[in-house]
There are 2 protein chains.
Amino acid sequence: MSAESAGQIGFQPVRPVRAYQRVAEQIEERILGGQLPPGSRLPAERELVRQFDVGRSTIREALRVLQSSGLIRSRPGDPLGAEVLGVSPDTLSHALGRLARSHLSSLSELIQFRMVLDAESYRLAARLHTEEDLRRLTELADRMEEYLPHDPHAFSEADAQFHRVVAEASGNALLALCARAVHDAVVDAIEGKLVRAKRAGDASDWMRRSVTHHRDVLAALRDSDGARAARLGREALFEHYAPHVPAQDRERLRAALD
Amino acid sequence: MSAESAGQIGFQPVRPVRAYQRVAEQIEERILGGQLPPGSRLPAERELVRQFDVGRSTIREALRVLQSSGLIRSRPGDPLGAEVLGVSPDTLSHALGRLARSHLSSLSELIQFRMVLDAESYRLAARLHTEEDLRRLTELADRMEEYLPHDPHAFSEADAQFHRVVAEASGNALLALCARAVHDAVVDAIEGKLVRAKRAGDASDWMRRSVTHHRDVLAALRDSDGARAARLGREALFEHYAPHVPAQDRERLRAALD
DNA sequence: ACGATCAACTGGTCTGACCAGTCGCCTGGC
DNA sequence: GCCAGGCGACTGGTCAGACCAGTTGATCGT
């Protein structure tokens, strides 16, 4: 290594490790390592105090860290102790949501990212889907058409579920997870505008176009035509969101189209 | 809404909101909202006790949550109070790393996801890069060639930086961030194997191929040929990682190739 | 047999204390 | 005049002990 070849020993700056950190690390290790599987219980706080031989505040700070990571959940009065939840995707969603809310990334970036993720999961789904996937998707498309006239809420629900099933059909849970997190972040960021637009009267028109879009995607998946499915996904997102993006950012979305 | 039309009022189950949660939320709100910009300082804990009118343990648990989210950092004895860090991408990396370590997602999913993200950022970079980007990338490629024979560590560093610059050139900070987080997660997950393989003697051979790969990508970017750049990225990752993936998962990676 | 009661827990919060650091000021020696 | 050193007055990290409200399961009275 270059530092060593220059004659320096290369001491690492040692940063103090807090007691609550070591407690949290030990417990996290046990959870990630498979001891303490999801559903199992941690000992009570006062028992952990005895086992780790630290004060209760230290234990509690460690548990707070684990809880904010979604690894455990605690409930007052529960005689069984905190519940182990295991690794949950919600942390990802939260992190993405924060990133989106901060001006570190703009709405157009978020939508462009969603275009990329959706299109690629479509592409993979076209290649790797099972018959069961197709059956579920057909059913969802049917349900959307059925709900179309009278229940916009159920329609949106079926819509979201359609996308989730496609993402799962891609065979990549991680990709599906991120796609969902980004989807949620976009919805959070733009909800107000869209609800207004839907109330403005073009709702049923939009829903009708949405149904044909989903049918097109389904057909592309059935043909195992990944490129077509991906293009459909990108175009639909572009058409849907471009009007809500500042004009100077629209070029960015267009760049993600081809 | 369907629940209301069924005659139910639709009360939401109210879950108790802990004091530390409200404290953490208020502070997070201020940070995300732009008051309390990165670099600014929080009041001292005992001052927060007065302002929020809660006990110090409550304040400390709230600060722990914020710290574990990467929003703040505190140092004992600092008379200025905890430092605001703002939204950081490290949270994403951590969340992805945990997801990868748990069997919720396999190594092959992680690598496939990286193929998707890298390829798409290449594609966007080919379209949106600036002259300055090209200059920096050329310099990095030169540096890689220079380091090639005698400093594998610096070589890897330049390699990673090359990918980071390409991701930035895509113009989408979110995409770049995720790409980097996934990259780090892959490196964490596979590091042991790779180091062994590199020591086995094919290191310089791999580095030589890597240099030509980066030159190819650079050329594709210069030609604004997004499809070619994306394909190059996918193929390089496939060739590099396929041997380290269980045989039954290799088909998954192949599906991401086209 | 069963429903109300109660005691022994739980986690959430508060108080007050101590420690080891860190910083600013202030002083004494140059 | 200036600078080194020391002396407080802070900081965050940790601990101990207490109280509260909620949950639970056994116990008791009917």
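Here is the naming used below: chain letters follow the sequence lines, and residue numbers restart at 1 for every chain. For clarity, every value in this text was computed on a predicted model and none was experimentally measured.
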Open item on the list: For B/Thr130, is there any backbone N or O sitting under 3.5 Å from a side-chain donor or acceptor partner on B/Asp133?
Closed with: yes
Open item on the list: Let's go through A/Glu132 and A/Arg135 carefully: what are the C-alpha distance in whole Å and the side-chain angles of both, what is the deciding distance for salt bridge (Lys or Arg N to Asp or Glu O under 4.0 Å) to 0.1 Å, and is it a yes or a no?
Closed with: CA-CA 5 Å; A/Glu132 169 66 10; A/Arg135 203 194 51 70; 3.2 Å; yes
Open item on the list: Roughly what angle, to 10°, lies between the helix axis at the start of the helix from C/dA1-D/dT30 to C/dC30-D/dG1 and the one at its end, five pairs per end?
Closed with: 20°
- [ ] Indicate yes or no for a side-chain donor-acceptor contact from B/Arg41 to the backbone of B/Gly81 under 3.5 Å, with no hydrogens or angles considered.
- [x] yes
TODO: With the side chain counted from C-beta on, respond yes when A/Gln67 and B/Glu61 share a heavy-atom pair under 4.5 Å apart, and no when they do not.
DONE: no
- [ ] Using a 4.0 Å cut-off on protein heavy atoms (strictly under), produce a 5'-to-3' string for nucleotides 9-14 of chain C with B for base contact, S for backbone-only sugar-phosphate contact, and - for none.
- [x] -BBBBB
TODO: Please list all pairs passing the ring-ring contact (aromatic ring centres under 6.0 Å, His included) test where one or both residues lie in residues 31-88 of chain B, with sequence neighbours left out.
DONE: none
TODO: Verify, without hydrogens or angle tests, whether A/Glu45 (side chain) and A/Arg60 (backbone) share a donor-acceptor contact under 3.5 angstrom.
DONE: no
- [ ] May I ask you to decide if B/Ala125's main-chain N or O and B/His129's side chain share a donor-acceptor pair within less than 3.5 Å?
- [x] yes
TODO: Output yes when a side-chain donor or acceptor of B/Arg30 lies under 3.5 Å from a complementary backbone atom of B/Leu36, and no otherwise.
DONE: no
TODO: Whole angstrom is fine here: how far is it from CZ in A/Phe52 over to P in D/dC15?
DONE: 12 Å
